[in-house]
Amino acid sequence: MSSPADVTIKNLTDKELTTHVTRDYWVEGDGKTINNKTIAAGAQETFRVVAKTGHHGELDINLADPSETLGQFKIKSIKDPHNKGALETKPFVDYIKMTSSGERSSPSDKDLRRIEMEMSYKPSDTSGWDIVCASQKSFINEKLNSLYKQDVLPHKFKEVNIGCPQIVGGNENKQEEVKISLPLDGKITLAKISGTCEFTVNLNHINCHITNTDDAQYTLLLDLSGNILREVDLSGLEVKFLGKEVPTEQLQEVILKLVNEAFNAMEPLEVPFTSPLPFSLGDMTIRLAFVSNSDEPERSFLAILIGLQGNKGFYKLSKDLICNSPQTNTAFVLAHPLFMNICKDVLNTSLGDGFGFSISNTNPNKITNSKKKTLKDGGFWGINAEIKKDDFVFELTSEGNLKVDIKLRYQTSKLLPWSSVKIKLNIKPSTKNGQVVLDISGAGKPPWWLWVVLPPLALALDLILSKDGKIELTIPGFYCDQILIPGNVKICGKWD
């Protein structure tokens with residue numbers, strides 16, 4: 001007899017999910033009952049699947065939000081989901097957690113199996129953002145000191161002298177907030193004040209924009225005019241009332257309003273930077289986050305979060321985002337989906353039309369040519385060459401290396417038989433003397449006919465040989481200490 005099961009998918013994320021069955025084996029209806037179904041954010045849905053008589057029944061199900069595939073759920077046995085190894089979950093992005101469980105029967109039906117899969121968020125290096133740039137608290141405080149000395153930050157407002165703000169901590173459960181200390185000395189309507197206040201800053205109220213000034217040269221604008229201060233602690237402030245003493249809440253309200261007005265009157269802060277990324281920082285959503293680390297306070301950090309093309313992440317960054325090294329106070333993180341899309345676009349642009357490079361639906365670490373590419377010299381030499389569909393492979397390996405595997409068929413004359421040649425490259429990223437180093441093995445001298453039919457590839461191979469297989473890359477003004485792949489691309493180091 002057949003074996004039915006109710007599959008419940010619990011979506012604990014804030015994104016709508018869609019199911020895509022990528023493989024079915026001995027399942028009634030080929031898994032159509034669970035294919036292309038949506039599960040709303042924060043909701044759950046149950047789908048009935050049935051293994052055919054005499055078979056276990058297998059399904060591979062991808063779960064995707066509107067922009068990317070987040071993970072895969074493999075049901076290796078619909079018939080016996082309670083057995084060890086019958087269910088498997090595989091997140092495709094670092095910020096997703098997936099769990100599953102199976103039961104042989106249901107309370108009301110001993111023959112109805114139960115399968116549950118839950119998808120939720122977990123702390124990660126990206127929290128769903130495309131680009132993250134994070135710097136430790138001490139480095140940010142040095143920059144605040146520098147801005148204060150340059151008179152970029154306010155020194156006085158009305159009758160109150162204002163000192164240099166410093167980050168002092170945050171709330172581990174609210175990464176959209178940060179606490180700053182601010183010395184105040186002077187007179188307000190109610191009292192004379194002297195000492196240091198601690199303010200809670202709502203980072204969501206800081207409007208962030210990036211402007212492009214030149215190729216790869218950008219300026220980050222931080223607009224502090226949105227009443228960014230939410231709460232104030234007056235325990236470090238000496239107060240001498242000018243008249244009758246007022247409740248603390250009233251005094252807090254007056255000081256909050258005063259300091260917010262001081263920041264509101266400022267011009268946006270300008271932070272110039274160089275982008276090492278091979279694409280334009282165009283349509284973006286930009287937010288700030290502060291990650292407080294109570295176990296190692298010196299490793300607390302402020303992060304710039306960038307979402308491209310309308311993408312928005314959330315606030316659940318890992319405390320270990322910045323590498324724990326004496327040579328590191330900053331980390332750049334490029335999310336895995338963005339990195340793979342950049343690689344795909346570079347391949348399509350540099351090698352010309354006709355390859356149709358795309359990211360695999362079943363392996364997000366793999367890019368292949370979706371079309372057969374025919375290469376000819378226009379008739380002068382009589383050279384014919386071709387790269388069949390899926391014979392040009394670019395892959396990110398589990399060791400964090402980049403692998404290129406190309407199979408070309410060719411004939412150097414119409415009178416000669418077809419031959420084939422394989423090009424295999426292994427690219428190992430590392431750092432040395434503050435630079436990113438790509439150690440490339442496998443490159444040989446390009447055959448002469450490759451210069452005729454596919455010059456960009458021949459040029460790349462020739463360049464690798466001329467550099468003895470080592471390509472050194474520099475991020476201006478930044479000392480690279482570590483580069484970490486696979487998954488996201490993370491570069492840790494120090495600003496000069």
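Predicted model only: the values in this text are computed from it and were never measured.
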Do other residues, nucleotides or ligands put more than 12 heavy atoms under 6.0 Å from [X] [atom1]?
X: Glu253; atom1: CD; result: no
X: Lys403; atom1: NZ; result: no
X: Lys319; atom1: NZ; result: yes
X: Glu267; atom1: CD; result: no
X: Tyr25; atom1: OH; result: no

Would you tell me whether [X] and [Y] have side-chain atoms, one donor and one acceptor, within less than 3.5 Å of each other?
X: Glu399; Y: Thr397; answer: yes
X: Asn369; Y: Asp391; answer: no
X: Asn62; Y: Thr69; answer: no
X: His336; Y: Asn365; answer: yes
X: Thr53; Y: Ser2; answer: no
X: His209; Y: Asp223; answer: no
X: Asn204; Y: Tyr315; answer: yes
X: Glu198; Y: Ser181; answer: no
X: Asp130; Y: Asn311; answer: yes
X: Thr8; Y: Thr46; answer: yes

Closer than 3.5 angstrom, by distance alone: can the side chain of [X] be matched with the main-chain N or O of [Y] as a donor-acceptor pair?
X: Thr349; Y: Asp345; answer: yes
X: Arg299; Y: Gln136; answer: no
X: Arg114; Y: Val7; answer: no
X: Asn83; Y: Ala86; answer: no
X: Asn35; Y: Gly31; answer: no
X: Asn171; Y: Gln175; answer: no
X: Arg113; Y: Asp111; answer: yes
X: Lys316; Y: Gly128; answer: no
X: Ser106; Y: Leu112; answer: yes
X: Asp60; Y: Ile75; answer: no

How would you list all residue pairs meeting salt bridge (Lys or Arg N to Asp or Glu O under 4.0 Å) that involve residues 27-42, not counting sequence neighbours? none

Any side-chain heavy-atom pair from [X] and [Y] closer than 4.5 angstrom?
X: Ile162; Y: Leu182; result: yes
X: Phe263; Y: Ser225; result: no
X: Phe332; Y: Val489; result: no
X: Leu288; Y: Leu305; result: no
X: Met119; Y: Leu17; result: yes
X: Leu234; Y: Val232; result: yes
X: Val49; Y: Ile78; result: yes
X: Asn363; Y: Glu395; result: yes

Taking all heavy atoms of [X] and all of [Y], pick out the closest pair and write down the distance.
X: Lys371; Y: Gly354; answer: CB-O, 3.5 Å
X: Thr328; Y: Cys323; answer: CG2-O, 3.4 Å
X: Cys492; Y: Ala331; answer: SG-CB, 3.9 Å
X: Phe290; Y: Glu177; answer: CB-O, 3.6 Å
X: Ser370; Y: Ser358; answer: CB-OG, 3.9 Å

Determine, step by step, whether Asn264 and Met266 satisfy the side-chain contact (heavy atoms from CB on, under 4.5 Å) criterion, reporting the C-alpha distance in whole Å, the side-chain angles of both residues, the deciding distance to 0.1 Å, and the verdict. CA-CA 6 Å; Asn264 290 349; Met266 289 175 53; over 6 Å; no

Verdict with reasoning, Phe301 to Phe139, per ring pair (Phe, Tyr, Trp, His ring centres under 6.0 Å): CA-CA 9 Å; Phe301 60 85; Phe139 176 78; over 10 Å; no

Would the Tyr95 and Phe314 ring centres measure less than 6.0 Å apart? yes

Is any NZ, NE, NH1 or NH2 atom of the basic residue among Arg48 and Asp6 found under 4.0 Å from an Asp or Glu carboxylate oxygen of the other? yes

What I want to find out is whether Lys137 reaches Glu298 closely enough, with some N-O distance under 4.0 Å, to be called a salt bridge. no

Does Phe357 have Lys344 sitting over its ring (NZ/CZ under 6.0 Å from centre, angle to axis within 45°)? no

Going through the distances and angles, do Glu116 and Lys10 end up as a salt bridge (charged side-chain N to carboxylate O under 4.0 Å, His left out)? CA-CA 8 Å; Glu116 289 190 358; Lys10 297 180 179 180; 3.5 Å; yes

Side chain to side chain donor-acceptor pair (under 3.5 Å) partners for Ser67, two or more places apart: Asp65

Qualifying residues under side chain to side chain donor-acceptor pair (under 3.5 Å), relative to Thr126, sequence neighbours excluded: Asp94

Let me confirm one number: the [atom1]-[atom2] distance from [X] to [Y], rounded to the nearest 0.5 Å.
X: Asp233; Y: Thr248; atom1: CG; atom2: OG1; answer: 10.5 Å
X: Ile96; Y: Leu70; atom1: CD1; atom2: CG; answer: 5.0 Å
X: Ile140; Y: Ile180; atom1: CD1; atom2: CD1; answer: 13.0 Å

Test side-chain contact (heavy atoms from CB on, under 4.5 Å) applied to Ile359 and Thr368, step by step: CA-CA 7 Å; Ile359 299 171; Thr368 61; over 6 Å; no

Checking side-chain contact (heavy atoms from CB on, under 4.5 Å) for the pair Trp129/Ile306: CA distance, chi angles, key distance, verdict? CA-CA 6 Å; Trp129 297 90; Ile306 300 177; 5.7 Å; no

Apply salt bridge (charged side-chain N to carboxylate O under 4.0 Å, His left out) to the pair Lys494 and Asp481, showing each step before the final yes or no. CA-CA 8 Å; Lys494 275 187 177 181; Asp481 182 52; over 6 Å; no

Which residue in the set Arg23, Lys74, Lys76 passes salt bridge (Lys or Arg N to Asp or Glu O under 4.0 Å) when paired with Glu58? Arg23

Output, in order, the C-alpha distance, side-chain angles, deciding distance and verdict of side-chain contact (heavy atoms from CB on, under 4.5 Å) for Leu334 and Asn488. CA-CA 6 Å; Leu334 199 64; Asn488 305 315; over 6 Å; no

